[in-house]
Amino acid sequence: MGFDIARAQVSEDDVATLLDRHFELMRSQSPAESCHVLPSEDLAADDISLFALRDHGQILAIGALRSFGDWGELKSMHTAQEARGRGAGRAMVATLMQEAHALGLKQLNLETGSGDEHLAARQLYEKAGFSECPPFGDYVDDPLSVFMMRAL
């Protein structure tokens with residue numbers, strides 16, 4: 001695939017639009033207490049690396065990596081509905097893993113939903129070497145969440 005993946009800013013119009021779509025979708029699928037999506041302004045923090053994937057200038061996916069010292073968390077992974085099935089998600093996960101290596105992180109974690117609407121995401125992460133784990137960081141057990149990790 002000829003994807004262009006580069007660091008992004010939440011202030012970029014197409015990035016902001018896709019982040020808003022992601023935020024609204026996640027909020028619609030889980031009650032507030034079980035929804036851990038970050039608002040776009042939080043993705044501008046110094047400990048977060050935000051990336052956008054484009055094909056011929058059109059944004060297809062976003063993803064972020066939050067660093068916690070020697071481990072990191074994948075955040076705001078989202079592929080536009082109309083672009084799914086083209087390998088954008090795999091390419092974004094690979095890029096975030098490369099960034100984690102460059103930062104010297106030893107492990108990557110993530111939280112995603114447990115419902116059918118998140119099955120494709122869980123399968124994507126499993127194919128990238130992630131496996132289920134207990135809650136990490138500030139997360140607590142929640143039947144609507146699946147926690148995953150991967151050593152680097």
Trainee: Treat each ILVMFWY residue as a node, draw an edge where side-chain heavy atoms are under 4.5 Å apart, and state whether Leu103 and Leu74 are in one component.
Mentor: yes

Trainee: What is the distance from atom OG of Ser131 to atom CZ of Arg150, rounded to the nearest 0.5 Å?
Mentor: 10.0 Å

Trainee: Indicate the atoms forming the closest heavy-atom contact of Ala61 with Met92, along with that distance.
Mentor: O-CE, 3.9 Å

Trainee: Mind jotting down which residue pairs meet the salt bridge (Lys or Arg N to Asp or Glu O under 4.0 Å) criterion with at least one end in residues 120-135? Sequence neighbours excluded, please.
Mentor: none

Trainee: Just jot down the side chain to side chain contact (heavy atoms under 4.5 Å, CB included) partners of Ala121, sequence neighbours excluded, or say none.
Mentor: Thr112, Tyr125

Trainee: Any side-chain heavy atom of Leu108 sitting closer than 4.5 Å to one from Met97?
Mentor: yes

Trainee: In Å, rounded to the nearest 0.5 Å, how long is the span from NE2 of His118 to CG of Leu144?
Mentor: 9.5 Å

Trainee: With side chains defined as the heavy atoms from C-beta onward, is the minimum distance between Val146 and Leu110 less than 4.5 Å?
Mentor: no

Trainee: Among residues two or more places apart or on two chains, list those pairs meeting salt bridge (Lys or Arg N to Asp or Glu O under 4.0 Å) that have a residue in residues 93-105.
Mentor: Arg7-Glu99

Trainee: How would you list, by chain and number, every residue that makes a side chain to side chain contact (heavy atoms under 4.5 Å, CB included) with Glu41, sequence neighbours excluded?
Mentor: Pro39

Trainee: To the nearest 0.5 Å, how far apart are CG in Leu60 and CG in Leu18?
Mentor: 9.0 Å

Trainee: Can you tell me how far CD of Gln98 sits from CG of Leu96, rounded to the nearest 0.5 angstrom?
Mentor: 9.5 Å

Trainee: Using a 3.5 Å distance criterion without hydrogens, assess whether the side chain of Ser114 forms a donor-acceptor pair with backbone atoms of Pro143.
Mentor: yes

Trainee: Roughly how far, to the nearest 0.5 Å, is the OG atom of Ser49 from the CG atom of Leu43?
Mentor: 11.0 Å

Trainee: Any chance you could pull the hydrophobic cluster mates of Phe68, using side-chain heavy atoms under 4.5 angstrom and chaining through other members?
Mentor: Trp71, Phe136, Tyr139, Phe147

Trainee: Would you name the heavy atoms of Val10 and Ala44 that are closest together and state the gap between them?
Mentor: CG2-CB, 4.0 Å

Trainee: By the side chain to side chain donor-acceptor pair (under 3.5 Å) test, which pairs, at least two apart or in different chains, include something from residues 51-62?
Mentor: Glu12-Arg54, Asp14-Arg54, Asp55-Arg86

Trainee: Could you list all the salt bridge (Lys or Arg N to Asp or Glu O under 4.0 Å) pairs where at least one residue sits in residues 64-73, not counting sequence neighbours?
Mentor: Asp47-Arg66, Glu73-Lys75

Trainee: To the nearest 0.5 Å, tell me how far Leu65 CG sits from Ile48 CD1.
Mentor: 9.0 Å

Trainee: What do you reckon, is CD of Gln9 surrounded by more than 12 foreign heavy atoms closer than 6.0 Å?
Mentor: no

Trainee: With sequence neighbours left out, what residues match Ala91 under side chain to side chain contact (heavy atoms under 4.5 Å, CB included)?
Mentor: Phe3, Ile5, Leu53

Trainee: For Arg90 and Leu124: C-alpha separation, side-chain torsions, deciding distance, then whether side chain to side chain contact (heavy atoms under 4.5 Å, CB included) applies.
Mentor: CA-CA 7 Å; Arg90 282 190 309 276; Leu124 170 71; 3.5 Å; yes

